[in-house]
There are 2 protein chains.
Amino acid sequence: MASERRATADPARSLAILWRTREPTSRSAGLALTVDRIVRAAIAIADAEGLDALTMRRVAEALGVGTMSVYTYVPGKAELVDVMIDTAYGEMPREAVAGDWRARLERIARDNLALYRRHPWMLRAETTRPVLGPHLVAKYDHELSAVADIGLTDVEMDAVLTLVLGHVKSAARAASEVVDLERETGMTDGQWWQSHAPWLERFMSAGSYPTAARVGTAAGQQHGAAYGPEYAFEFGLQRVLDGISVVVAERAAAGEPA
Amino acid sequence: MASERRATADPARSLAILWRTREPTSRSAGLALTVDRIVRAAIAIADAEGLDALTMRRVAEALGVGTMSVYTYVPGKAELVDVMIDTAYGEMPREAVAGDWRARLERIARDNLALYRRHPWMLRAETTRPVLGPHLVAKYDHELSAVADIGLTDVEMDAVLTLVLGHVKSAARAASEVVDLERETGMTDGQWWQSHAPWLERFMSAGSYPTAARVGTAAGQQHGAAYGPEYAFEFGLQRVLDGISVVVAERAAAGEPA
DNA sequence: CGGGACGGCGTACGGCGTACGGCCCGTTGT
DNA sequence: ACAACGGGCCGTACGCCGTACGCCGTCCCG
């Protein structure tokens with residue numbers, strides 16, 4: 001009963017792929033494909049040409065196999081993307097970071113930004129459900145160590161991480177959009193703006209929203225300098241860390257006198 | 001020369017639709033369609049069934065016209081989504097908010113959260129290029145007024161807004177994913193977790209990553225209570241505002257003695 | 001009252017994800 | 001040694017999608 005649609009609601013299968021649970025049989029040598037080869041090919045395509053270019057046919061072609069062969073190893077495209085994501089997380093540094101919590105968190109933020117820069121498709125890979133692969137767990141554990149032992153509750157530690165990583169993702173997305181715009185329209189950000197400005201000015205009937213126009217122009221000029229997203233990241237990160245330091249200080253003050 | 005692909009790189013056309021520049025001709029009465037009717041129908045579909053259910057055929061069907069008729073008013077789906085976004089922004093409150101900058105920013109954050117709750121598809125509507133419609137401009141202007149006159153530079157004002165709105169979007173997305181997961185799998189968050197947990201435990205070979213397991217469980221329990229995302233939003237918002245207050249205080253201190 | 005512009009849309013094309021069923025070959029049981 | 005089997009591989013096909021193209025009918029303007 002129930003169950004209805006949604007083909008692969010099979011947790012065991014999906015998780016097994018994520019965790020590479022697959023004892024090598026006597027048969028497995030000499031096979032044309034492996035999950036790893038598929039995932040690597042898929043990531044290469046997405047890195048080079050974006051998520052839209054990632055199709056099952058394209059992946060199969062890159063591997064020199066028939067399209068449907070891929071489905072022998074992966075239940076569907078959604079699951080493939082899940083494994084791609086977890087694999088990408090596996091590339092991140094895991095060494096313990098020196099310094100106080102702020103330095104550690106800052107480092108983690110930059111590591112994540114670097115990841116998104118290397119794999120911009122991750123910013124668009126909307127995965128409804130959590131991935132729960134080995135590398136995500138390892139990443140989570142590693143990042144938790146940056147905020148452990150500074151007086152926060154478990155829930156707060158998670159919330160701090162969520163906040164910082166959320167900011168990184170937002171900033172990375174903004175930066176990536178500038179690049180996408182160029183690729184999609186063939187114009188630089190400045191050119192695009194110039195081609196729209198005259199029309200926009202006409203519609204806005206000069207003088208309405210003076211504040212928006214002034215600030216928008218100021219922000220837009222930075223933006224065009226391809227330094228705007230960078231600034232937004234840095235500014236926001238420091239603000240976020242400042243905000244976190246308030247709680248940390250509170251907890252420290254509450255803990256010591258007792 | 002140049003120009004190449006990308007069908008509608010015509011700024012005038014796109015902007016004209018966004019701004020509803022269309023002097024009513026003698027003909028226009030009695031027409032079956034208008035951009036507004038199309039956009040309203042599209043938003044209704046996306047609100048009710050999500051962005052995946054939004055297809056041009058579906059929109060046309062809802063309006064009782066042939067699929068291709070929609071293209072008479074809108075160059076393509078991407079532009080339709082742009083107009084949907086700008087239209088949704090038009091629903092937001094615009095009254096001046098009382099209180100200090102913090103109260104004003106907090107209000108703005110909650111207004112944006114409410115918008116995303118009403119129109120979760122906006123969280124997935126990735127629009128490479130900026131929308132630049134009338135309601136977005138009005139919204140921007142309105143939100144700038146919350147941070148004007150507190151000593152920030154233009155660029156900083158923009159960055160503050162970006163930071164706050166980015167956080168809202170992140171939190172809203174997290175909240176929306178819980179709902180999507182339920183709709184997609186037919187299980188509640190708790191059920192989904194329960195069906196995955198035993199497998200996950202087996203793979204993690206009990207004992208590795210104790211921190212991640214503990215904190216993840218704590219955070220996950222909140223999550224399951226459908227109160228987790230709420231908490232993450234509130235916690236993050238206060239942290240962000242705390243962080244902003246540091247700059248504001250700095251600027252105030254630097255400004256007064258001079 | 002004739003001509004042209006434009007709203008409306010049927011058809012068709014190329015692409016997608018993927019269900020299904022068959023082929024073929026290595027492995028295993030006798 | 002050989003038969004039976006299972007599983008990797010994949011050709012074909014289906015039902016979606018966005019949308020290019022060109023026809024048709026109607027209404028406006030001269």
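None of the values given here were measured: they were computed from a predicted structure. Every chain is numbered from 1, with letters handed out A, B, ... down the list of sequences.
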Between CG of A/L63 and P of D/dC10 the distance, given in whole Å, is 11 Å
Next item on the list: Verify the contact: side-chain N or O of A/S69 to OP1 or OP2 of D/dC10, cut-off strictly under 4.0 Å; return yes or no.
Entry: yes
For a quick test of reading the model: is some side-chain N or O of B/T55 closer than 4.0 Å to OP1 or OP2 of D/dC17?
yes
Should B/N112 and B/K169 be marked as a side chain to side chain donor-acceptor pair (under 3.5 Å) after you check the CA-CA gap, both sets of side-chain angles, and the distance that decides it? CA-CA 8 Å; B/N112 275 273; B/K169 200 164 184 171; over 6 Å; no
Closest to the side chain of A/R22, out of C/dT18, D/dT19, D/dG8, is D/dG8
Picking from D/dC9, C/dG8, C/dG7, the nucleotide nearest the side-chain atoms of A/L31 would be D/dC9
Check: Could a donor-acceptor pair under 3.5 angstrom be found where the side chain of A/R57 meets the base of C/dG15?
Finding: no
In whole angstroms, the gap separating C1' of C/dG8 from CD of B/E61 amounts to 17 Å
Does NZ or CZ of A/R124 come closer than 6.0 Å to the centre of the six-membered ring of A/W121, within 45° of the ring's axis? no
5'-most contact on DNA chain C (nearest-nucleotide basis), A/M68 vs A/R58, goes to A/R58
Self-check item: C/dG17 phosphate, OP1 or OP2, under 4.0 Å from A/Y71 side-chain N/O
Solution: no
- Query: Tell me, do B/P130 and A/W192 make a side-chain contact under 4.5 Å, heavy atoms counted?
  - Reply: yes
Inspect the contact between B/R13 and B/E79 and indicate whether a charged nitrogen and a carboxylate oxygen are less than 4.0 angstrom apart. no
- prompt: Base, sugar-phosphate alone, or nothing: which one does B/A60 contact when heavy atoms must sit under 4.0 Å apart?
  reply: nothing
Sugar-phosphate only, base, or nothing, as touched by B/L54 at under 4.0 Å among non-hydrogen atoms: sugar-phosphate
